[in-house]
Amino acid sequence: MIAKREEKIGLRRGLSDIVAVDVATSGLKLVRMKRAKEGLTISAVGQIPVSELPDVDDSNEEERSRIALPKVFRAKHSALSVTSSRAVIRLLNLPGFSEKSPNAENTVRENVGLEDGFRLGYSVGGQQRGKSEVNLIAVGLPEEDATSTLEMLGGGTPAPISVEVSALSTATGFALSVAPRFSKAVVGLIEGGSRVTCLSIFSQSTPVLLRKFEFGSEDILNRIQRDFGVDRETSENMIGESSFDLSASVEGAMKGFIRQLAISREFVERRVGASIQAWFVTGGLSLISDWKQKIYESVGRPVEAWNPFENLFMVPGTVPAELKGQEVRFSAAVGAAMGALEGA
């Protein structure tokens, strides 16, 4: 699990049933996963649109209403993930670092450069250079984001055992299910959401780069509105219609991201001394064909959409008809569930 220290709350050994709740811009993505004799099994998939969510910012606590999850998702425990534009993600190499040191957390916090008001989570990834240097994945999540996410479910069950950044949840799922297929190669994953896009690159199944970009489908929609002189609803409908040529608008919106993607790719390939063999995309942005095409043109290799449900056992009829074809939107929820069960 990539973020195994990400704000654990009462984790119980032997955990075998979890509901993962991914708090996204468009609403909640829900996945219930169980540990069965066949392996990790998904028994329920669903979503709650943002229009149906209570106002967690309501100053009157008595007027706040906790989210009532459908009965099929009422497990005893939950693993939460949240998209946060202010979250900080770092890969660190710390000489002489020891988790047993009483100053371990302060050392990580200082190296990440976290301000007050951030929760810190970190995971030791391994030793390097004759055991003198330690690899860590460190994450800072704004306290207000963590608190509002926890308050959304209220007290009682399903009791949260973790809350982590969605980008790391997705990377965890990918690391546990896809990266092992490329145990001797370098592979990249791009998760595109509404406002944030995250890049994860693995070498021999170990993360060597984790990077967050302030770019998402909102930027593409804004560009379409500007280029075609339409309102937001029309721009959203245009993305789903193959009769419109949106390639120029998508390319214009992606210029800055594509430039940074190229820099990241070249940096990793120089560092590990090998080219990135395979590329995957996931998240809502990967449903936009022009976005996926521009990624391909940038990396120069085929780009495959990663369906997070692949290689997992699925109870028949798990994915509702209205969500078929939308599986890539559940990457963070699947990753949060896998991370919770694999770390139990």
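Computed from heavy atoms alone, side chains included, the values below leave out hydrogens, waters and symmetry copies. This is a predicted model, so every value here is computed, not measured.
- Residue pairs meeting the salt bridge (Lys or Arg N to Asp or Glu O under 4.0 Å) criterion with at least one member in residues 176-197: none, sequence neighbours excluded.
- Grouping Ile, Leu, Val, Met, Phe, Trp and Tyr residues whose side-chain heavy atoms lie under 4.5 Å apart, directly or via other members, places Leu287 in a hydrophobic cluster with Val328.
- Cluster annotation: Leu80 and Met152 are assigned to the same hydrophobic cluster (Ile/Leu/Val/Met/Phe/Trp/Tyr, side-chain heavy-atom contacts under 4.5 Å, transitive).
- For Asp145, there are no salt bridge (charged side-chain N to carboxylate O under 4.0 Å, His left out) partners two or more places apart in sequence or in a different chain.
- The environment of CZ in Phe228 is crowded: more than 12 heavy-atom neighbours from other residues, nucleotides or ligands sit within 6.0 Å.
- Here the two rings, on Phe202 and Phe182, have centers that are 6.0 Å apart or farther.
- For the residue pair Ser43 / Arg32, no side-chain donor-acceptor distance below 3.5 Å is found, with atom types taken as modelled.
- The minimum heavy-atom distance between Ala87 and Lys212, with the atom names listed, is O-CE, 2.9 Å.
- Thr147 pairs by the side chain to side chain donor-acceptor pair (under 3.5 Å) definition with Glu143, not counting sequence neighbours.
- Note that CZ of Arg226 is 13.5 Å distant from OG of Ser235, once rounded to the nearest 0.5 Å.
- Under the 4.5 Å side-chain contact rule for hydrophobic residues, Phe313 and Val315 do not share a cluster.
- Between Ala253 and Asp219, the shortest heavy-atom contact is CB-O, 3.9 Å.
- Linking ILVMFWY residues whenever their side-chain heavy atoms come closer than 4.5 Å, directly or via other members, places Phe267 and Leu199 in the same cluster.
- Note: the hydrophobic cluster containing Val281 does not contain Trp306 (ILVMFWY, side chain heavy atoms under 4.5 Å, direct or indirect links).
- Taken to the nearest 0.5 Å, the CG atom of Leu91 stands 9.5 Å off from the CG atom of Leu136.
- Distance check: Ser217 OG to Ile288 CD1 gives 6.0 Å after rounding to the nearest 0.5 Å.
- Surrounding CD of Glu115 are at most 12 heavy atoms belonging to other residues, nucleotides or ligands under 6.0 Å away.
- In terms of the side chain to side chain donor-acceptor pair (under 3.5 Å) criterion, Glu310 has no residue partners (sequence neighbours excluded).
- Both Phe213 and Val299 sit in one connected hydrophobic cluster of ILVMFWY residues. Membership requires side-chain heavy atoms under 4.5 Å apart, directly or through other members.
- Atom CD1 of Ile201 sits about 10.0 Å away from atom CZ of Arg211, to the nearest 0.5 Å.
- Legend: residues meeting side chain to side chain donor-acceptor pair (under 3.5 Å) with Gln326, ordered by chain and number and at least two apart, are Arg329.
- The side chain to side chain donor-acceptor pair (under 3.5 Å) analysis of residues 245-254, with sequence neighbours excluded, yields the pairs Asp227-Ser249, Asp245-Ser247.
- Applying the salt bridge (Lys or Arg N to Asp or Glu O under 4.0 Å) test to pairs two or more places apart or on separate chains, those with a residue in residues 254-269 are Arg265-Glu269.
- Of the N and O atoms on the side chains of Ser177 and Asn311, not one donor lies less than 3.5 Å from an acceptor on the other residue.
- When the side chain to side chain contact (heavy atoms under 4.5 Å, CB included) test is applied to Glu241, the partners found at least two apart in sequence or on another chain are Ser243, Phe244.
- For the pair Ser203 and Val186, the tightest heavy-atom approach, listed with the atom from each and the gap, is OG-CG2, 3.9 Å.
- Side-chain contact check for Glu342 versus Leu40: some heavy-atom pair is nearer than 4.5 Å.
- Without hydrogens or angle criteria, Thr170 side chain to Ser166 main chain gives a donor-acceptor distance under 3.5 Å.
- Phe257 and Trp291 have parallel rings, their planes meeting at less than 30° on a 0 to 90° scale where 60° marks the start of perpendicular.
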Exercise. Evaluate side-chain contact (heavy atoms from CB on, under 4.5 Å) for Lys29 paired with Ile48, printing each intermediate quantity in order.
Key: CA-CA 7 Å; Lys29 305 296 187 294; Ile48 301 178; over 6 Å; no

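- Rounding to the nearest 0.5 angstrom, the gap separating the CG atom in Leu341 from the CE atom in Met33 is 6.5 Å.
- Pairs engaging residues 78-87 under the salt bridge (Lys or Arg N to Asp or Glu O under 4.0 Å) rule: Arg86-Glu144 [sequence neighbours left out].
- Side-chain polar atoms of Thr282 and Ser331 form a donor-acceptor pair below 3.5 angstrom.
- Smallest separation of non-hydrogen atoms from Phe309 and Val31: CE2-CG2, 4.4 Å.
- Evaluation of the salt bridge (Lys or Arg N to Asp or Glu O under 4.0 Å) test over residues 228-239, restricted to residues two or more places apart or in two chains, returns Glu218-Arg232.
- A search for side chain to side chain donor-acceptor pair (under 3.5 Å) contacts involving Asn307 returns nothing, not counting sequence neighbours.
- To the nearest 0.5 Å, the span separating OG1 on Thr172 from CD1 on Ile137 amounts to 7.5 Å.
- Minimum heavy-atom separation, Val124 to Phe97: CG2-CE2, 4.3 Å.
- Taking both residues in full, the closest heavy atoms of Arg271 and Val208 are given as NH1-O, 3.3 Å, listed atom of the first, atom of the second, then distance.
- Side-chain polar atoms of Gln277 and Arg301 form no donor-acceptor pair below 3.5 angstrom.
- Of the listed residues (Val165, Val23, Val21, Leu150), just one forms a side-chain contact (heavy atoms from CB on, under 4.5 Å) with Val82, and that residue is Val23.
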